[in-house]
Amino acid sequence: MIKKVLIANRGEIAVRVIRSCRELGIRTVAVFSEADRSSQHVRYADEAFFIGPSPSNESYLVIDKILETAKISKCDAIHPGYGFLSENAEFSDRCKKDGVIFIGPHSHAISTMGDKITARETMIKAGVPVVPGSNACVSDSDQAKNLITEVGYPVIIKPSGGGGGIGMTIVKKETELDEALESTCKIAAKTFGISDVYIEKYLPNPRHIEFQILSDSHGNAIHLGERECSIQRRHQKLIEESPSPVITPELRSRMGETAIKAGRWVNYEGAGTIEFLYSNGNFYFLEANTRVQVEHPVTEMVYGIDIVKEQISIASGNPLSFKQDDVRARGWAIECRINAEDPLNRFVPSPGKLSGYRSPGGIGVRIDSSVYTRYTIPPIYDPMISKLIAWGRDRDGAIQRMRRALYEYIILGVKTNIPFHKAVMENERFISGELTTHFIENETSLLEDMKRIIERDKPMEERLSQIFDEKKRIAAIAAAVVAGHLPGKNPPQSE
Ligand code: MV4
């Protein structure tokens with residue numbers, strides 16, 4: 001039985017984890033850096049411990065400090081959230097050594113999936129389809145040329161130590177190959193400390209489709225369908241949905257079974273994600289993420305399952321309480337990541353103080369966030385303000401609800417990407433479900449669409465913003481007094 005959990009993270013995911021703990025009657029311990037003294041996760045946890053300066057390599061990434069805090073506060077488990085130490089094999093091991101439960105898989109699964117060449121080799125052995133390409137590290141030009149004779153140009157060179165797209169190079173013809181190999185290795189060494197790279201056939205317009213799996217320590221495993229995450233910018237996902245518009249029930253069970261097979265091969269325990277590239281009806285293993293993901297709420301909305309609770313239950317040693325046939329998808333969910341950034345100016349970050357904040361609500365709307373009015377978004381971490389999730393009975397219903405929720409959302413004091421999300425929710429190709437990983441660069445009208453939408457929605461934004469404008473509020477009250485609409489004197493008729 002887990003009685004007390006340390007959350008080795010910050011922001012919305014820390015709040016998200018504490019919420020599930022609270023529902024389970026588990027006590028919680030937050031940790032925070034200098035920049036996070038006034039953070040909501042610090043107030044919301046039962047206890048909070050200061051762990052160091054703002055840079056994460058002096059606080060959230062320091063294994064010794066996290067473990068020491070767990071010991072002092074008598075926690076029996078640690079939830080790593082996403083990012084930070086969540087996919088650090090050493091951390092998983094150190095927890096075990098210290099007798100603290102790591103809420104996540106064992107270090108072998110993390111390190112196998114963390115090294116992308118090893119992950120590829122392992123998946124080939126497991127019989128999981130991968131994009132045609134190299135079976136090991138590509139160390140010289142001749143080896144690369146031999147391989148490309150088989151798969152043909154274009155190819156993509158990927159760093160083994162990376163993932164998520166960082167440092168990848170597309171090569172269209174042989175004359176570009178040598179230089180691309182050299183520069184990719186160099187970047188790989190500098191960014192990830194490992195110069196190993198591998199080569200895959202480059203798929204020109206793939207969709208990014210990932211499967212959520214849950215595996216317990218008794219050999220039971222299920223999948224919770226897919227998430228379509230094709231709408232990304234510079235390898236940052238911006239909009240995710242479940243299910244995907246292109247996945248048929250037949251394909252879902254085939255890909256789901258493949259995802260489960262991938263997990264089983266590494267004795268996966270916990271919640272995990274198997275990412276695929278999908279192109280022309282074919283799917284190929286891309287990467288595996290051994291943590292809870294930012295976009296997990298769309299799956300929760302559709303399957304009615306609390307993924308964080310399942311993580312905790314699995315880490316406690318319980319068998320999964322349901323089988324594949326027990327889980328049922330219902331409706332459609334879309335998530336928009338609301339960031340403090342300027343969509344009219346190349347999405348540059350816009351951290352700062354929120355002079356006003358009011359999030360949407362109502363039927364089918366979920367907000368995962370840790371901000372509040374007068375909170376300052378620190379410039380040192382990623383500038384996510386919240387995740388807005390809308391559920392509908394079908395895709396159109398989810399889109400309509402997302403538009404409505406975005407229309408209600410008031411964030412003052414910083415620039416946000418809400419106009420971008422509004423533009424996508426009205427985009428013809430998005431509405432018809434025609435998505436690829438190149439959606440944003442292909443939709444050249446988005447910038448003009450955003451400008452038009454900003455003008456169009458200004459009146460409502462101004463009305464809703466009045467609640468934060470002290471002068472306007474006082475003026476409105478004064479006008480009401482003059483007009484004789486005084487509270488008590490001339491009471492409005494209530495319904
Ligand atoms: C690919 C690909 C095409 N073919 N792999 C991997 C991580 C994801 N975030 C981007 N990745 C890609 N992997 C094969 N075999 C296309 C992408 C990709 C991409 C790659 C480099 C630069 C920008 C990109 C934008 C979208 C998708």
Side-chain angles (χ1 to χ4, degrees), residues 82-83 87 113-121 123-124 128-138 144 147-148 150-173 176-177 179-181 183-185 187-188 191-192 196-211 226-241 244 246 262 273-291 293-295 337 346-347 382 424 429-430 434-444 446:
Y82 53 68
E87 295 181 283
M113 294 307 194
D115 182 86
K116 305 307 168 188
I117 292 175
T118 309
R120 226 181 108 84
E121 286 171 347
M123 290 303 108
I124 292 169
V128 172
V130 300
V131 189
S134 57
N135 294 346
C137 173
V138 175
L147 174 85
I148 298 167
E150 285 168 43
V151 301
Y153 284 97
V155 296
I156 180 166
I157 311 175
K158 301 183 172 186
S160 185
I166 301 152
M168 295 179 180
T169 315
I170 299 159
V171 185
K172 297 206 175 74
K173 47 184 191 287
E176 299 167 2
L177 180 66
E179 202 187 310
L181 258 181
S183 75
T184 313
C185 287
I187 294 168
T191 320
F192 308 110
D196 294 1
V197 300
Y198 61 109
I199 293 178
E200 284 178 0
K201 172 86 186 164
Y202 179 71
L203 308 174
N205 264 313
R207 299 170 80 119
H208 175 125
I209 293 174
E210 57 184 35
F211 272 72
E226 77 282 4
R227 294 183 285 261
E228 161 110 36
C229 309
S230 294
I231 302 199
Q232 18 185 303
R233 191 186 168 276
R234 300 190 170 210
H235 311 300
Q236 281 275 75
K237 295 168 185 165
L238 285 168
I239 299 173
E240 305 97 347
E241 58 185 291
S244 160
V246 282
T273 299
I274 311 297
E275 297 183 345
F276 295 101
L277 283 181
Y278 172 93
S279 177
N280 299 321
N282 297 312
F283 63 90
Y284 311 93
F285 171 84
L286 186 63
E287 289 170 17
N289 300 312
T290 57
R291 56 164 197 274
Q293 287 196 268
V294 177
E295 58 270 26
R337 297 193 191 185
R346 299 178 347 265
F347 294 84
D382 85 35
V424 174
R429 236 93 41 211
F430 180 80
E434 286 172 60
L435 310 173
T436 83
T437 45
H438 302 288
F439 177 86
I440 295 175
E441 60 206 74
N442 290 344
E443 294 304 313
T444 48
L446 284 174

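Every number for a ligand or one of its atoms is a count from 1 in the order of the listing.
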| Counting heavy atoms not belonging to Gln236, are there more than 12 under 6.0 Å from its CD? | no

| said: Can you confirm whether Glu176 is buried at CD, in the sense that more than 12 heavy atoms of other residues, nucleotides or ligands lie under 6.0 Å from that atom? | reply: yes

Under 4.0 Å from a heavy atom of [X]: which atoms of ligand 1 are those, numbered in the order shown and with their elements?
| X | answer |
| --- | --- |
| Glu200 | 5 (N), 14 (C), 15 (N) |
| Gly164 | 7 (C), 9 (N) |
| Gln232 | 9 (N) |
| Gly165 | 7 (C) |
| Thr437 | 26 (C), 27 (C) |

[atom] [closest protein heavy-atom partner, distance rounded to 0.1 Å]:
| atom | value |
| --- | --- |
| atom 20 (C) of ligand 1 | Ile156 CD1, 3.7 Å |
| atom 25 (C) of ligand 1 | His438 CE1, 4.0 Å |
| atom 11 (N) of ligand 1 | Met168 SD, 3.9 Å |

| message | Is atom 17 (C) of ligand 1 touching the protein, meaning some protein heavy atom lies under 4.0 Å away? | response | no

| query | If we only count heavy atoms from C-beta on, is the Leu238 to Ile440 side-chain gap below 4.5 Å? | reply | yes

| Does any N/O atom on Leu203 come nearer than 3.5 Å to any N/O atom on ligand 1? | yes

| Any N/O pair Tyr202/ligand 1 closer than 3.5 Å | no

| If you measure from atom 15 (N) of ligand 1 to every heavy atom of Gln236, Glu287, Glu441, Lys201, which option wins on shortest distance? | Lys201

| query | For atom 19 (C) of ligand 1, which candidate among His208, His235, Arg233 holds the nearest heavy atom? | reply | His235

| request: Identify, with sequence neighbours excluded, every residue that meets ring pair (Phe, Tyr, Trp, His ring centres under 6.0 Å) alongside Phe192. | output: none

| All ring pair (Phe, Tyr, Trp, His ring centres under 6.0 Å) counterparts of Tyr278, not counting sequence neighbours | none

| message | Assess, by modelled atom type and distance only, whether the side chains of Glu226 and Ser244 contain a donor and an acceptor separated by less than 3.5 Å. | response | no

| field | Residues Lys237 and Glu210 bridged, charged N to O under 4.0 Å | value | yes

| request: Could you tell me whether Glu240 and Arg227 make a salt bridge, using a distance below 4.0 angstrom between a side-chain N and a carboxylate O? | output: no

| task | Please say which of Arg291, Glu287, Gln293 ends up in a side-chain hydrogen bond (donor to acceptor under 3.5 Å, both in side chains) with Thr273. | result | Gln293

| said: Against ligand 1, does Lys158 come closer than 4.0 Å with any heavy atom? | reply: yes

